[in-house]
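So that the names make sense, note that chain A is the first sequence line, chain B the second, and so on, each numbered from 1.
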Protein chains: 2
Amino acid sequence: MSRATLSRDAIVDTTIRLIREHGADALTMRGLGQALGTDPTAVYRHFRDKAELLRAVSERLLGTVTIGLPDGHEWRPAVVELCRRLRRALLEQPRLATALQFGPPLQPSEFAITEELLRRFCAAGLDIGAAALAYHSVIELTVGSAAIDAAMHSMSDRERSQQYTRWRSVYAALDPAEYPETVAASAAMYRGTAEDRFVHALGRLLDGLVPTR
Amino acid sequence: MSRATLSRDAIVDTTIRLIREHGADALTMRGLGQALGTDPTAVYRHFRDKAELLRAVSERLLGTVTIGLPDGHEWRPAVVELCRRLRRALLEQPRLATALQFGPPLQPSEFAITEELLRRFCAAGLDIGAAALAYHSVIELTVGSAAIDAAMHSMSDRERSQQYTRWRSVYAALDPAEYPETVAASAAMYRGTAEDRFVHALGRLLDGLVPTR
DNA sequence: ACCTGAACACCGTTCAAGT
DNA sequence: ACCTGAACACCGTTCAAGT
């Protein structure tokens, strides 16, 4: 057995790898211990409990969201890029979305995301109250898109597109007397990637939030 | 002990009550058995497993979303009301949001929601492809709003507003050199109820999805 | 100082046995 | 036909004991 020297960073690394490979639901402390080459309970020397470990994971994942965003006068590309990154980070750990609101200690990366979004919305010409509302709005959309796509995220591209095709045929096969619009729309449902659909929704939301005068 | 005669409906009733009172995470088959006055494993006569039970719960909760919507020529009040109801149903069972996409059998109530939304968007003048995109967009926002609010949902009004106040002071106490906009916006963050904020976000999204020509 | 491993108090679920 | 209850294979977590 490799004599692993445990550290918070090494534990977080391995946890993220396990979640990425096997899904968030499959993460157990016993499995984590095995992947680390230590007794499962050794992790408890470094983290109070599983929740604190997952908070550290989320901090790591969210930390990359705001770095190196396109700067300059255009607010919109920056907001879109930030939200795309946030969505991808949330996808890694779906549970994270709701867990965010829980913990007593808001995390540094969350503050950075909030500040960046508020700054861009102010740059877009919104007053501070409208910027706060816009912040809440885009966060809600981003979290929802990630939550809906989370189940598909562990699939391969092939499996995913098969699943979309299957759903389209289910819609297409409905009784047209009872579900006329669904049958008519069936070919248009779940078109493109989930991220495409998210970017479209975000675009329309930003259109509504920041009216062009 | 009351000699309860079990039925799927009675089990779903009790499950919803337990989730409403103690939260979705606190639902266990043993606790459910106790609430029903039967052995915990008796439920397995009527449902294959916990997932099937929760699917029946979601079907019950989502079933009420589309009944008696405001009819007539105005598409917008109907869409808003449907989404508010859907959000409230999702709040009862946060887990439901992601579980929706899982199961093989899409449920009747989901079809009804899809049809109703597509119908209203077509009535608003969108072509069928735009209606499908609009459908995906409002679902993502609604699911996200419910997911974010889920943690607060079990709190009393008093606790919830205390939590909001606490977050505002955290934002207000940040270093204004590093987080100027957040400090400036702190008083405007988490204003009103979560449903107020959702209705605002939905309104702006609908503005963007259905441009007034 | 850090890790180990037995142990505790839980889970969801199965299945032979009861009535 | 339906319910019971022991049992199985798991969880997260604690804590005395090791090194």
Side-chain angles (χ1 to χ4, degrees), chain A residues 1-19 21-59 93-96 98-99 102-105 151 154, chain B residues 1-19 21-59 93-96 98-99 102-105 151 154:
Chain A
M1 301 303 132
S2 64
R3 291 236 39 84
T5 305
L6 288 187
S7 69
R8 285 179 65 100
D9 275 350
I11 294 171
V12 168
D13 282 344
T14 303
T15 305
I16 289 176
R17 184 171 60 78
L18 287 180
I19 290 177
E21 288 172 5
H22 306 109
D25 288 336
L27 178 75
T28 67
M29 301 304 270
R30 283 171 174 80
L32 179 57
Q34 191 175 332
L36 288 165
T38 69
D39 188 271
T41 65
V43 173
Y44 288 86
R45 291 301 117 204
H46 302 87
F47 297 93
R48 167 187 293 273
D49 53 24
K50 196 178 183 180
E52 192 195 314
L53 168 60
L54 291 180
R55 242 177 286 135
V57 167
S58 86
E59 181 61 15
Q93 199 196 349
R95 200 68 47 96
L96 191 149
T98 61
F102 256 125
S154 58
Chain B
M1 304 300 133
S2 64
R3 292 235 41 82
T5 304
L6 288 187
S7 70
R8 286 177 65 101
D9 275 349
I11 295 171
V12 169
D13 282 344
T14 303
T15 305
I16 290 177
R17 184 171 61 77
L18 287 180
I19 290 178
E21 287 172 7
H22 307 109
D25 288 336
L27 178 75
T28 68
M29 299 306 269
R30 283 171 174 78
L32 178 57
Q34 191 175 332
L36 289 166
T38 69
D39 188 90
T41 65
V43 173
Y44 287 86
R45 291 301 118 204
H46 301 86
F47 296 93
R48 168 187 292 273
D49 52 24
K50 195 178 183 180
E52 191 195 314
L53 168 60
L54 291 180
R55 241 177 288 135
V57 166
S58 85
E59 181 60 16
Q93 198 195 348
R95 198 66 50 95
L96 191 149
T98 60
F102 257 124
S154 58

>> Taking any heavy-atom pair under 4.0 Å as a contact, classify B:L53: base, sugar-phosphate, or nothing.
In response: nothing

> Got a donor-acceptor contact below 3.5 angstrom from the B:D9 side chain to the B:V12 backbone?
Replying inline: no

> How many angstroms lie between CG in B:L32 and CZ in B:F47, if you round to the nearest 0.5 Å?
Replying inline: 9.0 Å

>> Could you tell me how far apart B:D39 (CG) and C:dA17 (P) are, to the nearest whole angstrom?
In response: 17 Å

>> As a test of understanding, state which of A:L27, A:D25, A:T14 forms a side-chain contact (heavy atoms from CB on, under 4.5 Å) with A:I19.
In response: A:L27

> Atom CG of B:L54 and atom P of C:dC11: how far apart are they, to the nearest Å?
Replying inline: 15 Å

>> Pairing check on C:dC2: which nucleotide meets the Watson-Crick or G-U wobble criteria with it, both distances under 3.5 Å?
In response: D:dG18

> Where the side chain of B:R8 meets the backbone of B:H46, is there a donor-acceptor pair that is under 3.5 Å apart?
Replying inline: yes

>> By nearest atom, which of the nucleotides D:dT13, D:dT4, C:dT13 is closest to the A:D49 side chain?
In response: D:dT13

> Do B:T41 and C:dG12 have a side chain to base donor-acceptor pair shorter than 3.5 Å?
Replying inline: no

> Want to settle it: does A:L27 or A:R45 sit nearer the 5' end of DNA chain D, counting the closest nucleotide to each?
Replying inline: A:L27

> When you measure from the side chain of A:R30, which nucleotide among C:dC2, D:dA6, D:dT13 comes out closest?
Replying inline: D:dT13

>> Heavy atoms from C-beta onward define the side chain here; which of C:dT4, D:dT4, D:dT13 lies closest to that of A:K50?
In response: D:dT13

> Over how many whole Å does the gap from A:F47 atom CZ to C:dC3 atom C1' extend?
Replying inline: 16 Å

>> Whole angstroms only, please: what is the NE2-P distance between A:H46 and C:dT4?
In response: 11 Å

> Who is the Watson-Crick or G-U wobble partner of C:dT13, with both distances under 3.5 Å?
Replying inline: D:dA7

>> Whole angstroms only, please: what is the CG-C1' distance between B:D25 and C:dC10?
In response: 15 Å

> Rounding to a whole Å, what distance do you find between A:Y44:OH and D:dA16:C1'?
Replying inline: 17 Å

> So, B:D39 versus B:T41: side-chain donor-acceptor pair below 3.5 Å or not?
Replying inline: yes

>> Heavy atoms from C-beta onward define the side chain here; which of C:dT4, D:dC11, C:dT13 lies closest to that of A:T28?
In response: D:dC11

>> Tell me the interatomic distance from A:E52, atom CD, to D:dG12, atom C1', rounded to whole angstroms.
In response: 15 Å

> Given atom CE of A:M29 and atom C1' of C:dG5, what is their separation to the nearest angstrom?
Replying inline: 16 Å

